Amino acid sequence: MRSRIVVEGIERAPHRSLFKALGLTDEELAKPMIGIANSWNEVIPGHKQLKEVAEAVKAGVRLAGGIPLEFNTIGLCDGIAMGHSGMKYSLPSREVIADSIEIMVNAYQFDGIVLIGSCDKIIPGMLMAAARLDIPAIFISGGPMLAGRYRGRDIDLHDVFEAVGAFKAGKISYNELKAIEETACPGIGSCAGMFTANTLNALTEALGISLPGNGTAPAVSAERIRLAKKTGMMIVELVKHGITSRKILTREAFLDAIAVDMALGGSTNTVLHLMAIAAEANVNLTLDDFEEISSRTPTLCKLSPAGPHHIQDLHEAGGISTVMKELSKKGLIHRDRITVALKSIREIIDEAINYRTDVIRPIDNPWYLRGGIKILKGSLAPLGAVIKISAVSEDLYIFEGIAKVFDGEEEAVEAILNGKVMKGDVVVIRYEGPKGGPGMREMLTATAILAGMGLDRDVALITDGRFSGATRGLSIGHVSPEAAEGGPIAIVKNGDRIKIDLKLGRVDLLIPQEEINERLSRYKPREAKHRGYLARYSKLVTSAYTGAILFT
């Protein structure tokens with residue numbers, strides 16, 4: 001065991017003395033030492049319950065004969081950071097989380113690690129650390145929030161964002177907006193739709209790095225606590241069997257995770273995060289992998305914001321195991337992979353039952369024949385762009401409009417609210433990429449206001465930033481190269497025509513290539529005026545099409 005280098009031998013008497021200052025005994029120090037990385041804090045609804053989850057994990061570790069040692073890392077709520085400068089720190093926090101866990105695990109030489117977190121950047125940051133460290137590791141989240149109820153229907157956070165636009169457009173009263181605000185998020189957990197947090201949580205199951213049920217068991221359920229205890233017990237078994245994270249996080253695991261993502265109609269942010277986790281696991285993953293798998297993977301679920309169902313409905317229907325069982329019927333899942341449950345995918349999904357075919361459609365009766373995310377290329381995005389096609393009506397697959405260009409989200413939101421964006425416009429928001437933002441902010445405020453104002457069918461939005469999983473409509477993000485790197489998005493002018501063709505997978509600036517080249521030859525990047533962590537991040541981060549990882 002790795003930890004023996006810290007606690008065994010005469011020369012380690014000072015080390016043991018310090019552990020004993022914590023109240024540990026010689027008997028405890030003889031056991032496997034399990035690090036418990038917890039992102040608990042008091043500023044994220046999905047994290048409020050993580051103390052209780054951690055205590056259950058630690059109980060499981062002790063039951064299995066290990067000694068748990070808990071430490072913390074940071075966590076941001078994207079919903080609270082949304083629409084202002086705080087969102088610049090969201091994606092960059094992923095790297096800080098991964099680095100902080102690496103530091104703690106290697107400093108203390110833990111034998112295994114349990115990763116406890118919820119929400120958008122915390123989950124991938126933790127999985128990046130697990131892949132980088134390559135020790136026995138299991139992830140468990142705090143679980144999804146239940147949907148709220150408003151006038152007889154289920155609602156969630158994206159309804160609040162859209163209600164702002166509806167109020168501004170005079171479609172609802174202030175009292176109605178306030179009522180939606182009060183009821184949309186009824187308690188703890190990660191926001192109830194298939195947004196980024198819950199998409200990633202679901203994909204931990206698909207990857208095999210969490211136990212069955214982790215992706216969907218509600219935050220308020222006793223099932224979540226039982227799952228936490230089992231997670232604590234299982235990490236000790238992984239240490240005994242020498243099953244490290246890279247034995248789980250194989251290329252086949254990532255391909256299966258992409259297939260599940262497509263079937264669920266998950267968040268476009270998963271493209272960034274799966275690529276970043278894969279890079280840490282020394283697995284080659286590209287945008288072409290996403291498009292190839294999406295093209296042959298049917299969409300089986302329509303979860304909020306694409307449809308009326310929420311994560312609690314997915315759990316009731318049978319959860320991620322059932323989705324994988326449906327996909328396996330068409331050979332879309334690698335069934336013989338090992339998981340942290342010390343069972344193969346085959347063993348897990350053979351036990352799955354589809355209890356609600358309205359939530360998880362059978363593979364021979366899908367919503368769509370292709371997956372929920374599509375990769376676009378073209379003269380405006382030579383290296384790629386991403387759209388959540390499952391949240392786009394098929395009659396909008398071809399759209400041509402006039403560019404309205406904004407150098408930042410706030411400028412665009414102000415224009416939308418003041419009626420300066422009209423039907424037929426293509427809103428271009430640039431200098432929001434990994435380098436240029438920096439931090440690649442989510443544009444949910446802009447897209448939600450458009451939807452709330454009833455313009456989501458008539459206005460497209462294109463950005464080198466990214467989108468929340470709660471976004472719907474003609475919203476194209478991750479445009480690469482970004483404006484700060486001198487990509488074509490940097491030289492778009494007001495009045496230029498832009499064409500989106502989702503059938504051909506293209507997004508094009510409709511001016512002659514000669515003029516594009518001439519504009520690019522005159523382009524000068526904006527002077528960066530960042531300080532602190534964002535300045536360092538901007539210098540080191542790579543493009544979105546690589547996963548926005550840092551140079552090493």
Side-chain angles (χ1 to χ4, degrees), residues 258 261-262 265-275 285-297 299 306 368-403 405 425-430 432-434 440 442-443 446-447 450 456-457 459-469 471-483 485-492 496-511 513 516 542-548:
I258 294 172
D261 191 9
M262 300 308 163
S267 166
T268 53
N269 285 316
T270 55
V271 177
L272 288 174
H273 298 319
L274 285 176
M275 291 175 72
L285 208 62
T286 69
L287 290 181
D288 291 338
D289 290 316
F290 285 85
E291 180 57 25
E292 191 276 328
I293 292 173
S294 184
S295 68
R296 58 184 172 87
T297 303
T299 299
Y368 308 112
L369 294 177
R370 65 158 292 135
I373 292 174
K374 187 166 182 64
I375 306 301
L376 310 178
K377 293 188 178 179
S379 63
L380 192 55
L383 296 179
V386 181
I387 188 169
K388 188 172 182 177
I389 196 171
S390 61
V392 179
S393 176
E394 289 188 56
D395 62 337
L396 296 176
Y397 279 10
I398 298 176
F399 185 95
E400 185 176 326
I402 299 171
V405 184
D425 285 344
V426 178
V427 175
V428 177
I429 304 178
R430 61 192 179 193
E432 290 286 8
M440 204 178 181
E442 292 180 347
M443 304 290 112
T447 59
L450 285 171
D456 54 307
R457 289 183 54 83
V459 174
L461 195 152
I462 298 174
T463 180
D464 53 8
R466 58 196 177 90
F467 295 109
S468 163
T471 294
R472 60 187 175 93
L474 275 169
S475 303
I476 298 171
H478 304 206
V479 170
S480 299
E482 62 175 288
E485 294 181 312
I489 193 173
I491 52 90
V492 180
D496 286 343
R497 295 198 70 82
I498 293 173
K499 183 175 182 180
I500 300 163
D501 190 331
L502 301 186
K503 293 181 179 179
L504 295 178
R506 294 191 62 85
V507 54
D508 289 296
L509 180 60
L510 297 182
I511 62 175
Q513 186 62 48
I516 292 176
T542 64
S543 182
Y545 81 95
T546 68

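Bear in mind that the values here come from a model prediction, so they are computed numbers and not experimental data. Below, all heavy atoms of this structure are taken into account, side chains as well, without hydrogens, waters or symmetry copies.
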Exercise for the section: Begin with the C-alpha distance, continue with both residues' side-chain angles, and end with the deciding distance and a verdict on side chain to side chain contact (heavy atoms under 4.5 Å, CB included) for Met440 and Leu272. Expected result: CA-CA 11 Å; Met440 204 178 181; Leu272 288 174; 3.7 Å; yes
Handout entry: Pair Glu482 + Arg430: basic N to acidic O under 4.0 Å
Key = no
Problem - Salt bridge present between Arg370 and Glu291 (N-O < 4.0 angstrom) - result: yes
Beyond-backbone contact of [X] with [Y], side-chain heavy atoms, under 4.5 angstrom:
X	Y	result
Val492	Leu380	yes
Val507	Lys377	no
Ile398	Ile500	no
Thr270	Ile373	yes
Val459	Leu474	no
Leu287	Met275	yes
Pro382	Pro481	yes

Measure across [X] and [Y] and return the closest heavy-atom pair with its distance rounded to 0.1 Å.
X	Y	answer
Val479	Asp464	O-CB, 3.6 Å
Ile498	Ala403	CD1-CB, 3.9 Å
Pro434	Ala544	CG-N, 4.0 Å
Ile491	Asp496	O-OD2, 4.4 Å
Ile489	Val428	CG1-CG1, 3.8 Å
Ser480	Tyr545	OG-N, 3.5 Å

Quick one: does any side-chain atom of [X] pair with a main-chain N or O of [Y] as donor and acceptor, under 3.5 Å?
X	Y	value
Asp501	Lys503	yes
Thr297	Ile293	yes
Ser294	Lys374	no
Lys388	Gly265	yes

Practice task
For Arg506, enumerate each residue passing the side-chain hydrogen bond (donor to acceptor under 3.5 Å, both in side chains) test, keeping only those at least two apart in sequence or located in another chain.
Solution key: Asp508
Exercise for the section: Check the pair Arg457 / Leu396 against side chain to side chain contact (heavy atoms under 4.5 Å, CB included), numbers first and verdict last. Expected result: CA-CA 7 Å; Arg457 289 183 54 83; Leu396 296 176; 4.0 Å; yes
Problem - side chain to side chain contact (heavy atoms under 4.5 Å, CB included) between Phe290 and Leu274, intermediate numbers included - result: CA-CA 10 Å; Phe290 285 85; Leu274 285 176; 4.0 Å; yes
Practice task
Rounded to the nearest 0.5 Å, what's the gap from CD1 on Ile375 to CG on Asp289? Could you check?
Solution key: 10.0 Å
Practice task
Might you work through the salt bridge (charged side-chain N to carboxylate O under 4.0 Å, His left out) test for Arg466 and Glu442, ending with a clear yes or no?
Solution key: CA-CA 5 Å; Arg466 58 196 177 90; Glu442 292 180 347; 2.8 Å; yes
Practice task
Walk me through it: do Ile387 and Thr268 pass the test side chain to side chain contact (heavy atoms under 4.5 Å, CB included)?
Solution key: CA-CA 7 Å; Ile387 188 169; Thr268 53; 5.8 Å; no
Practice task
Check Leu450, Ile462, Thr463 against Met443 for a side-chain contact (heavy atoms from CB on, under 4.5 Å) and give me the one that passes.
Solution key: Thr463
Problem - Polar side chain donor-acceptor pair, Ser475 to Thr447, under 3.5 angstrom - result: no
